[in-house]
Amino acid sequence: MPAAPAAFLTQSNDALTRAAKKAIMWTYHPDLLATPVPRYTSYPTAAEFGPLDNSIYASALEGAAGDVSLYVHIPFCEKICFYCGCNTAAANRRQRLESYLLALQQEIKLVSERLPKGARVRRLSFGGGSPNALAPVDFVRLIDSLFVAFHLSDPVISIELDPRSLSAEWAKTIGGIGIERASLGVQTFAPHCQTAIGRVQGEDEIVRSVDWLRGAGVTSLNFDLMYGLPGQTLHDLEDSLQRTRVLGADRIALFGYAHVPHLVPRQKAIPDHDLPDQELRFEMAELGYSYLLTHGYTPVGFDHFAHPGDPLASEALAGKVHRNFQGFTDDAAPVLIGLGASAISSFPQVLAQNVKEAGRYRMMTSGGVLPVNRGVVRSADDRYRGAVIEQLLCNGSARVGARLLGEVRGGLQPFVERGLASIDEDHVAILPVGLPYARTIAALFDPWRQQSARRFSSAV
Ligand code: SF4
């Protein structure tokens, strides 16, 4: 698909003065946000995954060529937060961690044996869970085995970190390995919100983490923040944004808290009545967007922001950002291989997910079996729709063929009438004021979305 102009960016960044950026006012249309929609970190989304024979995954691995990215899932955390929807468990038993790492070593062997020699690993990411729930010595062993097993070609290495369990030893390990990109789970600085979400971390822990990571050579530091938290006010959010900016975050991911206790039982600890309503969530998303733009950050897609100088900002301005399971990214590799329980691999022709249960994951890998059991084979139509959705979410515009445009024209009309989107021949654009509706507009291109709304969250 030919690259489309970056509508979000051409109209909301360089060309605009600071005053003009302030003038971008979002309008709340509750009817257009009434239906929950996916975050589209893949298309089809994980909700569409069904049973998948692991021989399909094996063939995809054997056919991989060129640049490949690796994601390693560490499903353990020191303390479990109430709001967390990740596949993770308490890291309180040494034996549990050891047997998981052993299974991971077995999976590394199984996958690397199938990957052709021509496939070069250019990116290596660790997420979870919290990779720093591992002992630094175990992490170094894991890195060593990845370097031995795969053809790693001067990879960009990134890691997600929990500031509560980061230590000077861990920071030294990060410096020793040469990890340049790190992401801190911060969410909020407001103590009452931290208590309500079961994630109490003092500002001193964040400041200390930033100092350690900068000292270790981390040049791209992301802060994950959230709005829509229990008891959170606009003031709380602005205060957290300000502290994040002052601490020098190169990237910020500002997520709306998705309250789905029917899918994530641990969220039952968060009472519904403490949550901001939809209109306040909308105001919070708008506040975050305008605050970060007026303080020099470049918007990336609908919920990421990057400081000029960070590679993600320059890729966004060039219309070269992508979307994968880690969110908006400057990683252009067509193949992402997920290692670890519940990790998802993405190939142009197939999406494949490892088994979620750690026990079953261990059993399959120790038996020499690739631990994939779910996924979806992507048809040509899936790939086409996926490319349109990715372009819309990353750049705010996409070229759309006549058949698909005919299919969605009626659904797009309310957005066009309210000045949120435009259609120009075969070109659909989400206008700057339509940004909070980006996921809803993208969902018009997704025929699966006529069902299963309860699985998703509000677009803001
Ligand atoms: S530290 Fe992160 S991954 Fe672990 S429970 Fe909290 S939110 Fe989830």
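First listed ligand is number 1; within each ligand, the first listed atom is number 1.
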Find the distance between CZ (Arg374) and CD (Glu48) and round it off to the nearest 0.5 Å.
-> 10.5 Å
Is it the case that [X] and [Y] place a side-chain donor and acceptor less than 3.5 Å from each other?
{"X": "Tyr257", "Y": "His259", "answer": "yes"}
{"X": "Thr41", "Y": "Arg323", "answer": "no"}
{"X": "Asn132", "Y": "Ser130", "answer": "no"}

Part of Arg266 within contact of ligand 1 (heavy atoms, under 4.0 Å) | neither
Asp204 CG: over 12 foreign heavy atoms closer than 6.0 Å = yes
Just wondering, are more than 12 heavy atoms of other shown residues or ligands nearer than 6.0 Å to CD in Gln95?
-> no
Reference residue Val72; test side chain to side chain contact (heavy atoms under 4.5 Å, CB included); the match among Ile108, Leu339, Ile337, Ile143 | Leu339
Is ligand 1 less than 4.0 angstrom away from at least one heavy atom of Glu160?
-> no
Check ligand 1 against Arg199 and write out every atom of the ligand that is under 4.0 Å from a heavy-atom position of the residue.
-> 1 (S), 2 (Fe), 6 (Fe), 7 (S)
Counting from 1, what ligand 1 atoms have a heavy atom of Asp162 closer than 4.0 Å?
-> 1 (S)
Tell me, which protein N/O/S atoms are under 2.8 Å away from atom 8 (Fe) of ligand 1?
-> Cys84 SG
Step through it carefully: locate the ring centre of Phe302, locate the ring centre of Phe328, and say whether they are under 6.0 Å apart.
-> yes
